[in-house]
Amino acid sequence: MSRKVALYGLLCLLCVPFVFPTWWMVTSSMKPISEIFSESLLPSEWTFSTYETVFRMQPFGQQYWNSLYIAVVVTAGTMAVAALAGYAFARIRFPGQNVLFVVVLTGLLIPSEVTIVPLFQLFQSLGMTNTHWPLIIVPIFGAPCVLAIFIMRQFFIALPPELEEAARVDGLGRAGIFYRIALPLSRPALGAVAIFTFLHSWNLYLEPIVYLSTPDMFTLPQALTQFVDIYGGPMWNVQLAAATMTAVPILVVFVVAQRQFIEGLAHTGVKG
């Protein structure tokens with residue numbers, strides 16, 4: 001019993017560096033700006049006016065919707081592409097399969113900063129700047145999808161081949177095996193892909209700055225930089241209120257879905 005108490009005590013102590021920044025962000029968003037950097041852990045006077053100021057200074061509701069729908073579309077598209085490509089690399093034998101997979105993996109080695117200028121020129125020539133299309137197309141069909149493809153490939157490799165053999169005996173073709181057998185069994189891996197893809201899209205910062213120029217089109221990470229006073233100085237309590245509304249829902253989603261996230265990643269190293 002004493003060992004268990006000591007273990008829980010140690011875990012609570014180790015949680016402090018991770019929990020305290022979130023606690024400070026939430027409580028500081030309700031403080032007057034003069035108390036932001038004080039030693040007090042709680043506001044002397046709780047105020048929620050900063051949350052009203054967030055919506056008054058920026059079209060924050062529209063920006064919240066922009067981030068939400070882009071993240072949902074990117075997540076759904078990435079899951080579809082990663083599942084199809086991962087299954088093809090894991091289960092379909094074709095000439096140059098391993099070489100092509102290595103070429104795909106090199107996408108992980110290329111920083112987004114290297115490709116953003118030519119991509120900007122491409123989308124500008126297509127008239128897609130200051131639209132959300134670059135923030136949707138590039139993550140789904142570009143380097144950000146590579147890790148998702150790798151995770152799905154590793155999961156499909158670990159599936160017993162007897163499942164496909166039994167499906168063929170029952171008369172299923174390749175498409176039927178994928179949609180009726182492989183895809184339903186890949187829910188843990190798809191869950192992991194969905195979580196980290198959603199988080200990546202939600203937190204995307206560089207690309208929105210490059211492609212978007214009007215406040216109504218901004219996503220949340222870009223919008224957080226716009227809460228300044230008339231002299232260009234940061235309005236700390238307002239920025240923290242906006243950051244709280246941005247971060248807390250994602251923390252809740254991750255806490256609720258963390259078991260499936262860990263289970264999905266655990267399957268990627270079983271075989272292959």
Side-chain angles (χ1 to χ4, degrees), residues 22 25-26 51 54-55 58-86 107-108 111-113 115-116 119-120 123 128-152 183 186-227 239-265:
T22 303
M25 176 183 68
V26 175
Y51 289 85
V54 169
F55 291 92
Q58 293 280 334
F60 197 71
Q62 178 64 46
Q63 294 162 348
Y64 213 102
W65 166 251
N66 293 341
S67 283
L68 181 61
Y69 99 81
I70 290 173
V72 169
V73 172
V74 169
T75 299
T78 299
M79 290 171 64
V81 172
L84 290 168
L108 293 174
S112 60
E113 294 80 2
T115 59
I116 195 161
L119 284 174
F120 174 79
F123 286 115
M128 291 185 179
T129 53
N130 201 34
T131 71
H132 294 147
W133 283 112
L135 306 183
I136 294 174
I137 295 174
V138 174
I140 293 178
F141 299 102
C145 188
V146 174
L147 180 60
I149 293 174
F150 176 78
I151 290 176
M152 296 306 300
L183 194 60
S186 66
R187 288 179 182 175
L190 285 174
V193 168
I195 292 173
F196 82 72
T197 302
F198 189 91
L199 293 177
H200 176 269
S201 178
W202 185 267
N203 295 322
L204 205 61
Y205 179 68
L206 175 63
E207 287 78 359
I209 287 181
V210 173
Y211 295 119
L212 306 179
S213 57
T214 57
D216 286 341
M217 302 299 293
F218 286 176
T219 56
L220 288 177
Q222 187 179 9
L224 292 178
T225 65
Q226 307 300 309
F227 295 102
Q239 286 185 351
L240 290 171
T244 298
M245 289 188 284
T246 301
V248 169
I250 302 304
L251 290 175
V252 172
V253 170
F254 184 79
V255 169
V256 171
Q258 63 177 326
R259 177 173 297 180
Q260 188 152 357
F261 178 73
I262 295 171
E263 181 182 352
L265 291 181

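Computed from a prediction, not measured in an experiment: that's the story for all the values here. Computation of the quantities below employed the complete heavy-atom set of this structure, encompassing side-chain atoms and omitting hydrogens, waters and symmetry-equivalent molecules.
Contact annotation: the side chain of Phe196 approaches that of Leu147 to within less than 4.5 Å [non-hydrogen atoms, C-beta and beyond]. Between Tyr205 and Thr225 there is a side-chain heavy-atom pair separated by less than 4.5 Å. Two residues are said to be in side-chain contact when any heavy atoms from C-beta on lie closer than 4.5 Å; Leu220 and Phe60 meet this criterion. Using a 4.5 Å cut-off on side-chain heavy atoms (C-beta onward), Leu84 and Met152 make no contact. Annotation: side chain of Leu190 is in contact with side chain of Leu183 (closest heavy-atom distance under 4.5 Å). Glu207 places a side-chain heavy atom less than 4.5 Å from the side chain of Ser112.
For Phe141, the side chain to side chain contact (heavy atoms under 4.5 Å, CB included) partners at least two apart in sequence or on another chain are Val81, Ile137. Annotation: side chain to side chain contact (heavy atoms under 4.5 Å, CB included) contacts of Ala71 (sequence neighbours excluded): Phe198, Ser201, Trp202.
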Run the side chain to side chain contact (heavy atoms under 4.5 Å, CB included) check on Thr131 and Phe123 step by step: do they pass? CA-CA 10 Å; Thr131 71; Phe123 286 115; over 6 Å; no
Show the numbers, then the answer: is there a side chain to side chain contact (heavy atoms under 4.5 Å, CB included) between Thr197 and Met79? CA-CA 9 Å; Thr197 302; Met79 290 171 64; 5.9 Å; no
Run the numbers on Thr246 and Leu224 for side chain to side chain contact (heavy atoms under 4.5 Å, CB included), then give the verdict. CA-CA 9 Å; Thr246 301; Leu224 292 178; 4.0 Å; yes
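The shortest heavy-atom contact between Ser213 and Asn130 is N-OD1, 3.0 Å. Closest heavy-atom contact between Ala247 and Met25: CB-CE, 4.0 Å. Minimum interatomic distance between Thr78 and Val193 (heavy atoms only, all atoms of both residues): CG2-CG1, 4.3 Å.
Listed for the Gln239 side chain is a donor-acceptor partner under 3.5 Å among the backbone atoms of Phe227. Here the side chain of Asn203 pairs no donor or acceptor atom with the backbone of Pro221 at under 3.5 angstrom. Side chain of Asn66 to main chain of Phe218: a donor-acceptor pair is present (N/O by atom type, distance under 3.5 Å, no hydrogens or angles). Tyr64 places a side-chain N or O within 3.5 Å of a backbone atom of Met245 that can act as its donor or acceptor partner.
Interatomic distance, CG of Leu135 versus CE of Met217, reported as 8.5 Å (0.5 Å rounding). Atoms OG1 and CG, on Thr219 and Leu204 in that order, are 7.0 Å from each other to the nearest 0.5 Å. Between the CD atom in Gln63 and the CZ atom in Phe55 there is a gap of 10.0 Å [rounded to 0.5 Å].
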